[in-house]
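Accompanying notes for the structure given below.
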There are 2 protein chains.
Amino acid sequence: MKKTIFIFSVLIAALLILFQLSKYSLISGNTSLEYIIAGIAVVFFFVGLYINKRRKTHVNISQKEEIDIQKIDALGLSKREYEVLCKLAKGHSNKEIASLLFVSESTIKTHVSNVYTKLDVKRRTQAIQKAKELHILPFS
Amino acid sequence: MKKTIFIFSVLIAALLILFQLSKYSLISGNTSLEYIIAGIAVVFFFVGLYINKRRKTHVNISQKEEIDIQKIDALGLSKREYEVLCKLAKGHSNKEIASLLFVSESTIKTHVSNVYTKLDVKRRTQAIQKAKELHILPFS
DNA sequence: AGTCAATTGGTACTTTCGTATGAGTGTATT
DNA sequence: AATACACTCATACGAAAGTACCAATTGACT
């Protein structure tokens, strides 16, 4: 919001400056007027490009990083369960996840079952689907 | 490419028309000149917005629909194997896929195994990961 | 006609996954 | 101190998934 206000302030300022320039050019002669108009067109064309670029990339970032955390504890997923879910979604087996997190396979099975209950799914492939839909994964 | 050339042609034409308008305004009086300059600024600002929007959405579409087919048979995946892969990625079990495609579970197992070989993976969760990386799925 | 690939299906076996149940430990909250 | 919760682990059983074979059928191409 702050940035939008700032950009529009700059736009208005630029417009005023260009008005002043055009008035001076009327005194000095009409030949340079066309260049000034062309300049205005080019400047505002690129301002349009820039504004849109800013907006789009900002939206993308917010979708990737902000939505995560709220939904995770809205589902009641604990820290450890979420870790397991991430490894699971990367394609690891229970045994592999156990190695990665330095615990037994039994522990992983418990966590995985709890994750399924909380996500309301029956299989790990469904868990991956659901997690992606909810945008609670740090990748993809 | 054609569209880009067309758009820039329109831009140049618009610029020339605005030059003509500005010349007429000099004859009729100086008060309306400021409005014309403001008009030019606004028009080119929105042109900039529009161009960028076009470009971005076009990139998105090409990433969703064009990349698919080439990679599928680059991997050597048959029509049926690809169908099975899609159902699999949606979270269906072998039995469910069998029902959906009106064949036996044995058949699905055969297809699934072949898919794993061709995608060079060991588990169905890895197959989903790989398929998503390769953008060969009709969703997500 | 013969070859090849795709599709279908089966048996048999191993591995992984998922559920149920119980239980010990540690930490934080009341 | 007592309760609640997260994390850990184990056992046992059943259900999926995955592998390794083999085999019949069909359509396309030579």
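Letters A, B, ... are given to chains in the order of the sequence lines, protein chains preceding strands, and every chain is numbered from 1.
Rounded to whole Å, atom C1' of C:dA6 lies 15 Å from atom CG of B:Asp73. Distance B:Lys79 NZ to C:dT8 P: 11 Å, rounded to the nearest Å. Between A:Asn114 atom CG and C:dT21 atom P the separation is 14 Å, expressed in whole Å. Look at NZ on A:Lys122: it is 14 Å from C1' on C:dC17, rounded to the nearest Å. Regarding A:Gln126, its CD atom lies at a distance of 10 Å from the P atom of C:dG18, rounded to whole Å. One atom, CD of B:Glu81, and another, C1' of C:dA6, lie 8 Å apart when rounded to the nearest Å. D:dC7 atom C1' lies 17 Å from atom CD of A:Glu105, rounded to whole Å. Between A:Lys87 atom NZ and C:dC17 atom C1' the separation is 20 Å, expressed in whole Å.
Taking the side chain as every heavy atom from C-beta outward, B:Val115 and B:Leu88 never approach each other to under 4.5 Å. Between A:Leu101 and A:Thr107 there is no side-chain heavy-atom pair separated by less than 4.5 Å.
Residues passing the side-chain contact (heavy atoms from CB on, under 4.5 Å) test with A:Gln129 are A:Glu133, B:Lys132, B:Phe139, sequence neighbours excluded.
Counting only heavy atoms from C-beta on, A:Tyr116 has its side chain closest to C:dT19 among D:dC7, D:dA17, C:dT19. The side chain of A:Arg124 has C:dC17 as its nearest neighbour among D:dC9, C:dC17, C:dT16. Candidate nucleotides D:dT19, C:dG18, D:dC7 were compared by shortest atom distance to the side chain of B:Lys109, and D:dT19 ranks first. Proximity note for B:Thr110 (side chain, C-beta onward) versus C:dG9, C:dT19, C:dT7: the nearest is C:dG9. Closest approach to the B:Ser78 side chain among D:dG18, C:dT7, D:dA6 is made by C:dT7 (side chain taken as heavy atoms from C-beta onward). Considering only side-chain atoms of A:Ser93, the nucleotide from C:dT16, D:dA6, C:dT8 that sits closest is C:dT16. Listed nucleotides D:dG18, D:dT8, D:dA17 differ in distance to B:Arg123; the shortest reach to its side chain belongs to D:dG18. Looking at the side chain of A:Val103, the nearest of the listed nucleotides D:dC7, D:dT19, D:dC9 is D:dC9.
Side-chain nitrogen and oxygen atoms of A:Ser113 include at least one within less than 4.0 Å of the OP1 or OP2 phosphate oxygen of C:dT19. When the side-chain nitrogen and oxygen atoms of A:His111 are compared with OP1 and OP2 of D:dC7, none of them lie within a distance under 4.0 Å. The phosphate of D:dA16 has neither OP1 nor OP2 within less than 4.0 Å of any side-chain N or O from B:Asn94.
Of all non-hydrogen atoms in B:Leu137 and B:Ala89, the two that sit nearest each other are CD1-CB, 3.8 Å.
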| said: Please evaluate residues B:Arg80 and B:Asn114 with respect to the criterion side-chain hydrogen bond (donor to acceptor under 3.5 Å, both in side chains), reporting the C-alpha separation (whole Å), side-chain torsions for both, the decisive distance (0.1 Å), and the verdict. | reply: CA-CA 11 Å; B:Arg80 208 59 163 164; B:Asn114 291 334; over 6 Å; no
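Note that the CG atom of B:Leu100 and the NZ atom of B:Lys95 stand 13.5 Å from one another [nearest 0.5 Å].
Each of B:Thr125 and B:Leu77 lies near DNA chain C, and the nucleotide nearest B:Leu77 is the one positioned closer to the 5' end.
The residue B:Thr107 sits close to a base: some heavy atom pair falls under 4.0 Å. Within the 4.0 angstrom heavy-atom criterion, base atoms lie near B:Ser106.
Between A:Arg123 and B:Glu96 there is a salt bridge, with a side-chain nitrogen of the basic residue lying less than 4.0 Å from a carboxylate oxygen of the acidic one.
For the pair A:Lys118 (side chain) and A:Leu77 (backbone), a donor-acceptor distance under 3.5 Å is absent.
With axes fitted over five pairs at each extremity, the angle between the ends of the helix from C:dA1-D:dT30 to C:dT30-D:dA1 is 40° (10° resolution).
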